[in-house]
Amino acid sequence: EEEVQRKKEIIMKRKLEDSAREVHTPQLLEEQERLIATLIEAHRKTYDASYSDFSQFRPPKRGDGSPECRNATNPFLMSLLNSDMDELPKASASGAEAAAGDELSMLPHLADLVSYSIQKVIGFAKMIPGFKELCTEDQISLLKASAIEIIILRSNESFTMEDNSWTCGSNEFKYQIGDVMQAGHKLELLEPLVKFQVNMKKLDLHEAEHVLLMAICLFSPDRPGVQDRCRVEEVQEHLTETLRAYIACRHPLSCKHMLYAKMVEKLTELRSLNEEHSKQYLQISQDAVNKEDLPPLLLEVFGNPTA
Ligand code: ZYD
C-alpha cells in the first residue's frame with residue numbers, strides 16, 4: 001500500500017517537472033515551423049547570392065588612388081602638377097572635369113545597387129504572412145522606414161571579415177569603405193556600419209534567425225505614419241515569439257546565451273544607423289549635380305529634397 005503511494009508520488013513529481021520544463025524550453029509549434037520555412041523561402045527568392053544582376057547596374061567608377069584623388073584641397077593644381085601636358089585629355093584642359101569626375105563617382109553604381117535591393121526587400125515583405133493584409137499606406141510607411149535597415153541586415157551575407165568588405169563576386173563588385181565614401185558617405189556612418197557588420201558576423205546567426213530578424217525589423221509598430229499599430233505589433237510579437245522558441249530549441253546551448261537579447265540590441269543600433277544614413281543621404285541628394293544619379297524609386301523611398 002505504502003509502496004504504491006510512493007510510486008504515485010514519483011509519477012506526479014515527474015509530470016510536474018515535465019510541464020515546468022515545457023514552460024522554459026518552448027517547443028517549436030508546427031505553425032512556427034511553417035512560418036520559418038516561408039520566411040527562408042521568401043529570402044532565397046529575393047536574395048541572389050551569385051550577384052549576377054550587378055553587371056546591369058551603371059558601372060562602378062573608382063578613383064585611381066592617385067594623389068589628386070586623395071588631395072581634397074588642391075585637386076586642380078594636383079592633377080596639373082602630376083600630369084604630362086600632352087597626355088591631358090582635350091575636354092579637361094582646365095583640369096576641372098578630371099577632378100570633378102572623382103566626386104560621387106561611385107554614386108550611380110551604389111544608388112542602382114540600393115534601388116535594386118529595395119525592390120528585393122519589397123518582394124520579401126510581400127511574402128511575409130500578415131504584410132499584404134495591412135492597408136497600402138501602412139505597407140508604404142513600414143517599407144520607407146525600414147528599407148535601409150533591412151538592406152544593412154541582408155548585406156551581412158556579402159560582408160566578409162577577411163578585409164571588412166562587402167564582396168559580391170569579382171573585385172569590380174567588392175565594396176570597401178573608400179568606395180562608399182566615393183558615393184558621398186562619411187565615416188560618421190561608415191565606421192559604426194562596419195562595426196555593426198563585424199558584430200553581426202560574429203553572432204553567426206542561422207538562416208532562420210537572420211530572416212526572422214529582417215521580418216521583425218520590418219514589422220516595427222513605432223515607425224512614423226503607421227495607422228494600424230496594433231496589427232503591426234501583433235505580427236511582430238508573433239515573429240519574436242517564434243525567434244525566442246527557435247533559439248531555445250535549435251541553437252546550440254553553448255552559444256544561445258543572450259542571443260535573443262543581442263539580436264534585439266542590433267535593432268536599436270539599426271535605428272541610429274538609419275538616422276545617420278538619412279542625414280547623409282539628404283546631403284548627397286542636394287550635392288548631386290546629376291540628378292539622374294538617384295533612381296526614382298530611391299527618391300520615393302528616401303525622399304526627394306528637390307520635389
Ligand atoms: C545587398 O542588398 C545585396 O549583399 C548585397 O545613400 C550587397 C549589398 C551591400 C550593401 C552595402 C555595401 C546590398 C555598400 C555600402 C552600403 C551597404 C549597406 C549600407 C551602405 C550600400 C545592398 C550603399 C549606399 C550607397 C549610397 C546610397 C544612397 C542612397 C545615396
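Both ligands and their constituent atoms are indexed starting at 1 by order of listing. What you see is a predicted model, and the numbers here were worked out from it, not measured in a lab.
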Task: Ser50 and Asp48: side chain donor to acceptor below 3.5 Å - done: yes

- [ ] Show which atoms of ligand 1 fall inside a sub-4.0 Å distance from at least one heavy-atom site of Cys168.
- [x] 5 (C), 7 (C)

TODO: Using a 4.0 Å heavy-atom cut-off, say whether Gln280 meets ligand 1 through its side chain, its backbone, both or neither.
DONE: neither

Open item on the list: My understanding is that we take every heavy atom of each candidate and find the minimum distance to atom 12 (C) of ligand 1. Doing that for Trp166, Tyr116, Phe302, Tyr281, which one comes out nearest?
Closed with: Trp166

Task: Protein heavy-atom partner closest to atom 10 (C) of ligand 1 - residue, atom, separation in Å - done: Ser155 CB, 3.4 Å

Task: Contact atoms of ligand 1, heavy-atom distance to His277 under 4.0 Å - done: 6 (O), 28 (C), 29 (C)

- [ ] Could you tell me the residue and atom name of the protein heavy atom closest to atom 24 (C) of ligand 1, and the distance to it rounded to 0.1 Å?
- [x] Val114 CG2, 3.9 Å

Task: Under 3.5 Å side-chain donor-acceptor pair for Gln5 and Glu1 - done: no

TODO: Write out the residue and atom name of the closest protein heavy atom to atom 20 (C) of ligand 1, then the distance separating them to 0.1 Å.
DONE: Leu193 CD2, 3.8 Å

Task: Shortest reach to atom 14 (C) of ligand 1 by a heavy atom, considering only Ile148, Val180, Leu273 - done: Val180

Open item on the list: Below 4.0 Å, non-hydrogen atoms only: which portion of Lys120 touches ligand 1? Side chain, backbone, both or neither.
Closed with: neither

Open item on the list: Given His109, His185, Gln176, Gln182, identify the one with the heavy atom nearest to atom 28 (C) of ligand 1.
Closed with: His185

- [ ] Tell me which part of Ser285 gets within contact of ligand 1: side chain, backbone, both or neither, using heavy atoms under 4.0 Å.
- [x] neither

TODO: Quick one: look up the protein heavy atom nearest atom 30 (C) of ligand 1 and list residue, atom name and how far away it is.
DONE: Leu107 CD1, 3.7 Å

Task: Taking atom 25 (C) of ligand 1 as the reference point, the nearest protein heavy atom with its distance - done: Leu110 CB, 3.7 Å

Open item on the list: Only heavy atoms of Leu298, strictly under 4.0 Å: list the atoms of ligand 1 that pass.
Closed with: 29 (C)

Task: Phe159 and ligand 1 - part of the residue with a heavy-atom distance under 4.0 Å - done: neither

Open item on the list: Among all the protein's non-hydrogen atoms, which is closest to atom 22 (C) of ligand 1, and how far away is it?
Closed with: Ser117 OG, 3.2 Å

